[in-house]
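Here is the structure we will look at.
Only a predicted model underlies this, so the values are computations on that prediction, with no experimental measurement involved.
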Amino acid sequence: MRKWVLAMSLLAAASGVSYTKCVQAMSLDEPMSLLAQGDEFEVIHRPHMAPVHRGTLIFFAPLLDPVGAKTGFTQLRSALSRKGYDSYLVINHTSFSNSESEEDTASSASTPETAATPAGENSASAESTAPSDEAIGQKNEQSYVPPFQPPVLIVELDKYKSQLLAQLESVVEKASETQKPISIFAVGQSAGLLSEYFTEYPDLPLQAIVAFNTYLPDPERNRHISANFSIIAPAVFDIRDVHASSWSKALVEQSTLWAQKNQKFDYRQINLIDELDNPQQTAQISQEIDGFLRRLF
């Protein structure tokens, strides 16, 4: 019961609505605890509320949005529940020490090309601002770090990947009890990391990946996402809304080309004209996801 109250409090704080309204919106939700690599993590299960149980969706919230409130997970999960899909929402307590938010990491560089500015140009810019001798001394002690990522980010990203995959395997095992098709809805870096993981063809009974605003804060790894999606076994529904970072938007054309080259016929891409949590967009995308998954049955 305490975990359920905590989940409701997190949702209320993140979404800016009252605790009572959150309880009403999530009254069907059941909190549970699962184990991943010996560590306990929290999951919120919502059952399907349609005569026919069509499948299960596992939701991975973005960084610093523990229950996906800012992304519109509550409304989307409710809409999909009415269409016959139950869902498991993995509560994300992960945060990177040197990043304020997942989108800030990507948006700090407007494009991948600007992120690769040579160190010499940065030095010239610094000289023009005439810093103090003390500041120059401190700067010389540090190695050059591209502006798109703090030095610790990639290390923490790989740690997060290990945690993410362990949680995925645990939730898939739980969801498999219903013997219904299982799909994933992942956002941002989570979707990017999963694209890497599934190129290894893991033995997981997954039907599809619904990837939302996918990117990775490393230019080399980010540019491989399109190719990864074109060769993995699960079907891919690639979605972006108006808040997708420039790193994610740079993959739009590449992903289509790679899907054509590798004959990934179960790849589909859609770009939303508004935020996902907009009621009209929620209704549209739940319908699109339902139609996409039904064609895979």
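In this structure, L276 and F212 approach most closely via the heavy-atom pair CB-CZ, 3.8 Å. In terms of heavy-atom proximity, R295 sits nearest to R268 at NH2-NH1, 3.8 Å. Across all their heavy atoms, F73 and A61 have their closest contact at CE2-CA, 3.6 Å. Scanning all heavy atoms of the two residues, the minimum distance from I232 to S195 falls at CG2-O, 4.0 Å. What you find for Q167 and A36 is that their closest heavy atoms are N-CB, 3.8 Å. Between W258 and S230, the closest heavy-atom pair is O-CB, 3.4 Å.
Here salt bridge (Lys or Arg N to Asp or Glu O under 4.0 Å) pairs that include residues 250-265, with residues two or more places apart or in two chains, are K264-D266.
Q280 CD: 12 or fewer foreign heavy atoms inside a 6.0 Å radius. Enclosure of atom CD in Q179 is not indicated, since only 12 or fewer non-hydrogen atoms of other residues, nucleotides or ligands lie within 6.0 angstrom.
Atoms CG and CG, from L89 and L57 in turn, are 11.5 Å apart once rounded to the nearest 0.5 Å. Atom NE2 of H224 sits about 9.0 Å away from atom CG of D218, to the nearest 0.5 Å. Interatomic distance, OG of S162 versus CG of L157, reported as 11.5 Å (0.5 Å rounding). One finds the CD1 atom of I285 at 4.5 Å from the CG atom of L272 (value rounded to the nearest 0.5 Å).
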Checklist entry - Please walk me through it: do E177 and K174 pass side chain to side chain contact (heavy atoms under 4.5 Å, CB included)? => result CA-CA 6 Å; E177 296 175 359; K174 177 66 177 178; 3.6 Å; yes
Checklist entry - Going through the distances and angles, do D86 and T56 end up as a side chain to side chain donor-acceptor pair (under 3.5 Å)? => result CA-CA 5 Å; D86 60 356; T56 300; 2.5 Å; yes
Next on the checklist: Set out, in order, the CA-CA distance, both residues' side-chain angles and the distance that settles side chain to side chain contact (heavy atoms under 4.5 Å, CB included) for V252 and R240, then state yes or no.
Outcome noted: CA-CA 9 Å; V252 172; R240 287 171 184 82; 3.7 Å; yes
Next on the checklist: Run the side chain to side chain contact (heavy atoms under 4.5 Å, CB included) test on V43 and V171 for me, step by step, so that the C-alpha distance in whole Å, both residues' side-chain angles and the decisive distance to 0.1 Å come before the verdict.
Outcome noted: CA-CA 8 Å; V43 173; V171 181; 4.2 Å; yes
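A donor-acceptor pair shorter than 3.5 Å cannot be found between the side chains of N228 and T199. Checked by atom type, the side-chain pair N262/Y267 shows no donor-acceptor distance below 3.5 Å. No side-chain donor from either of Q189 and K161 sits under 3.5 Å from a side-chain acceptor of the other. Counted by atom type alone, S183 and Q207 present one or more donor-acceptor pairs between their side chains at under 3.5 Å.
For the pair R221 and D158, the salt-bridge criterion is met [side-chain N within less than 4.0 Å of a carboxylate O]. A salt bridge links D29 with R77: at least one charged nitrogen is closer than 4.0 Å to a carboxylate oxygen. We find that R46 and E30 are not joined by a salt bridge, their nearest charged nitrogen and carboxylate oxygen being 4.0 Å or further apart.
Proximity of a side-chain donor or acceptor of N213 to a complementary backbone N or O of D241 within less than 3.5 Å is detected. A donor-acceptor pair is defined here as one N or O able to donate and one able to accept, closer than 3.5 Å; such a pair exists between the side chain of T178 and the backbone of A175. Between the side chain of S87 and the main chain of I58, no donor-acceptor pair closer than 3.5 Å is present.
Using a 4.5 Å heavy-atom threshold, the side chains of F41 and I91 count as separate. For the pair F59 and I44, the minimum side-chain heavy-atom distance is 4.5 Å or more.
Taking Ile, Leu, Val, Met, Phe, Trp and Tyr as hydrophobic and joining them when side-chain heavy atoms fall under 4.5 Å apart, one finds Y201 in a cluster with I231.
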